[in-house]
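Heads up, the thing below is written out as structure tokens.
In listed order, ligands and their atoms are each counted from 1. Everything numeric in this text was worked out from a predicted model, so none of it was measured.
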Amino acid sequence: MPKQKEAAATKTVATAAAKKIESLREDIRRNDYRYYVLDDPKLSDASYDKLMNQLKALESEHPELVTADSPTQRVGGKPRAGFETYRHKVPMVSLDNAFSTEELQDFDRRVRELTGRERVDYVAEHKFDGLSMALIYENGLLARAVTRGDGTTGEDVTPNVKTIRSIPLRLDPAALKKAGLRGDLEVRGEAIMTRKAFELLNEQQEEVGGKRFANPRNAAAGAVRVLDPTITASRRLDFYAYYLLMDGRPALKRHSLNLEALNTIHFKSSFRDAKVCEGIAEVERYISGWEKKREKIAYEIDGIVIKVDEIGLQNELGFTSRAPRWAIAFKFAARQETTVVNDIIVNVGRTGVLTPTAILEPVQIGGVTVSRSTLHNMDEVARLGVEIGDTVLVERAGDVIPHVLKVVKRGANRHPFEMPAKCPDCGSAVHHVEGEVAYRCVNAVCPGRLKESLQHYAGRHAMNIDGLGEKIVEQLVDKKIVKDFADLYSLKLDKVANLERMAEKSAQNLLDEIAASKKSPLDRLIYALGIRMVGERTAQLIAEKFLSIEKLSEASLEDLNEVHEIGPKVAASVREFFDESSNLKMLKCLREAGINPKVERKAPKSNKLAGQTFVFTGGLANRTREEAGELVVAHGGKVISSVSKKTSYVVVGTDPGSKFDKAKELGVPILDEAGFEKLINSK
Ligand code: AMP
Ligand code: ZN
């Protein structure tokens, strides 16, 4: 081909690729908005992954077409050495607080006096409890994300914030037009963690033996301010917007219009739950309404923010040295209180671990009476320096069990807590491995363990047996009616109805719930068994791999190790569980009671890959790795996670990892995606 023609042809290919890339990005952005902002996805996870993999593949073929606003850039790059500081164009001020209706009315009176209005419209909205941030868009693109810092200067945390999926990397031009906005603007709001994300995080922390986070606010703030953006990405943060600025001023002439515009340009914002209130009395009703409902919100709020709606009035009112005169934060009742530690007892957990628990002088915290608090373990007792008789500061964060923050005053007759030598529930010896944190009851059938195990088994994320609460479990175990999970399924109505707090009707309800739990899917059952280090996610992975309890119980350590994301410690713990004869007996009883869930798998398509092992590395364009793996299995092959000399093929996609190098080093046959397709489609 003549040089010129060749160049022209290359150019056509490149424009075609550019078009395809842009259309994939659009599809992904649209879906991100549906999924992360509206919470109403239209695509399955698998189809979404497919789009993403296609985009990744095209971008790696055409690196010159990669842009900073591409959805592929959300993964978070390399850790950085430190943060750069950034001076806010307009300071991010704090808010004055009101703790009572009187203080709120004082605020309203001041506003009316200063503006000469008889009545003022206010916007009341949630006070998000997270880390406040400014997002700076230039030409519709997210140029910079900065923390509040000291209000004047913050830290540039752009790579971290890009991993937050509810934040648009690029503003949709059509949406901007609809809102009547230009693409140069500043969005301010709060990076938060939902209760659900927080629970998941702490569950994962427990699985890997990491430390628990005290509350979603600390976890969110920590996740934004880490140097490694991949950590931010793994924390599932959210962002709620509440200010919209253009040229350093509110973009539209009422605060409520700004909130609406934020919603229009695809931000999660306080718009949905905010309310324009005509006068302070209506604000008070809004506050008491949400104070009652606050536990039901997906995220934590620590109060309500009230702002003068008209920006003109806001300008008249101006600022004091630290806060606007046109806004106030009404703070809900404290979630922290001080109280006395009357005693420290031990509580036997379902794995036999003895947990020191503080028995507190009952105290009201945010409308709930708190009378005990876990101290987690002996290291924590030592760290807090807490002794019986001390006065401590206790915090209650959302649904999370209350915990002791610190000792505020040593008791006059304080005395230290010591771990007992015998289990308080069964009197068996307490075992402690030097160097480990945990103390355990050695008795495998300790009633204390059984109670906790049963409650875990019945939990919402496990077999979901509503009504099998602490008090009922306690009686069932103490009266020796239930000795393991399987006994639940042969409970008799009269026995249950005779328990305290029970009557015929509630007993029947409980039995119905128990019967309904027989239909629980395999992953929930695996999770419910309470195998050490097997959380919800691990249970799902195991279920997908082994398809039934029988198969799982026969799995060798090697089989278990092959499961993606499962390490040797977890594998050993699973094996240990199924090596225990009492567990096998219990599982047999469960099976006889009709609990034997299976994951359905399609029959093999052929046997042409029998005896062959495949390792995948990097992303594929035409299907997800899971789908590719299913194809291998469907043709009789096997997918494994690490490369050895015996591996038949290593399939290499885009951005391959170290397995690619290993394959080259060991001389294992390497397939690209096309080669893999060929092999699958061959006779
Ligand atoms: P505080 O940190 O308790 O002084 O409260 C002031 C902070 O509340 C502000 O700096 C914001 O970070 C945060 N905040 C949370 N929700 C809102 C909201 N809806 N409007 C304004 N600020 C909010
Ligand atoms: Zn015991």
_Salt bridge check, Glu300 against Arg294: does any charged N sit closer than 4.0 Å to a carboxylate O?_
no

*Establish, from distance only, whether the side-chain atoms of Tyr122 and His255 form a donor-acceptor pair under 3.5 Å.*
no

*Any chance the side chains of Arg322 and Ser94 put a donor and an acceptor closer than 3.5 Å?*
yes

*Please say whether the positively charged group of Lys307, taken as NZ for Lys or CZ for Arg, lies over the ring of Tyr243, i.e. under 6.0 angstrom from the six-membered ring centre and within 45 degrees of the axis.*
yes

*Below 2.8 Å of the Zn ion (ligand 2), tally up the protein N/O/S atoms for me.*
4

*If you measure only the distance, is there a donor-acceptor pair under 3.5 Å linking the side chains of Glu190 and Tyr242?*
yes

*Could you walk me through whether Asp309 and Ser256 pass the side-chain hydrogen bond (donor to acceptor under 3.5 Å, both in side chains) test, one step at a time?*
CA-CA 6 Å; Asp309 193 20; Ser256 50; 3.0 Å; yes

*asked:* We want to know whether Asp238 and Ser166 form a side-chain donor-acceptor pair, criterion being a heavy-atom distance below 3.5 angstrom.
replied: yes

*Does Arg272 have any side chain to side chain contact (heavy atoms under 4.5 Å, CB included) partners at least two apart in sequence or in another chain, and if so, which?*
none

Identify each donor-acceptor pair in which a side-chain atom of residues 145-153 lies under 3.5 Å from a protein atom, sequence neighbours left out, and give them as a table.
{"residue": "Thr147", "atom": "OG1", "partner": "Glu155", "partner atom": "N", "Å": "2.9"}
{"residue": "Asp150", "atom": "OD1", "partner": "Thr152", "partner atom": "N", "Å": "2.8"}
{"residue": "Asp150", "atom": "OD1", "partner": "Thr153", "partner atom": "N", "Å": "2.8"}

*In order of chain and number, which residues sit within 4.0 Å of ligand 1 by heavy atom?*
Val93, Ser94, Leu95, Glu125, His126, Lys127, Phe128, Ser132, Arg148, Glu190, Tyr242, Tyr243, Val305, Lys307, Lys331

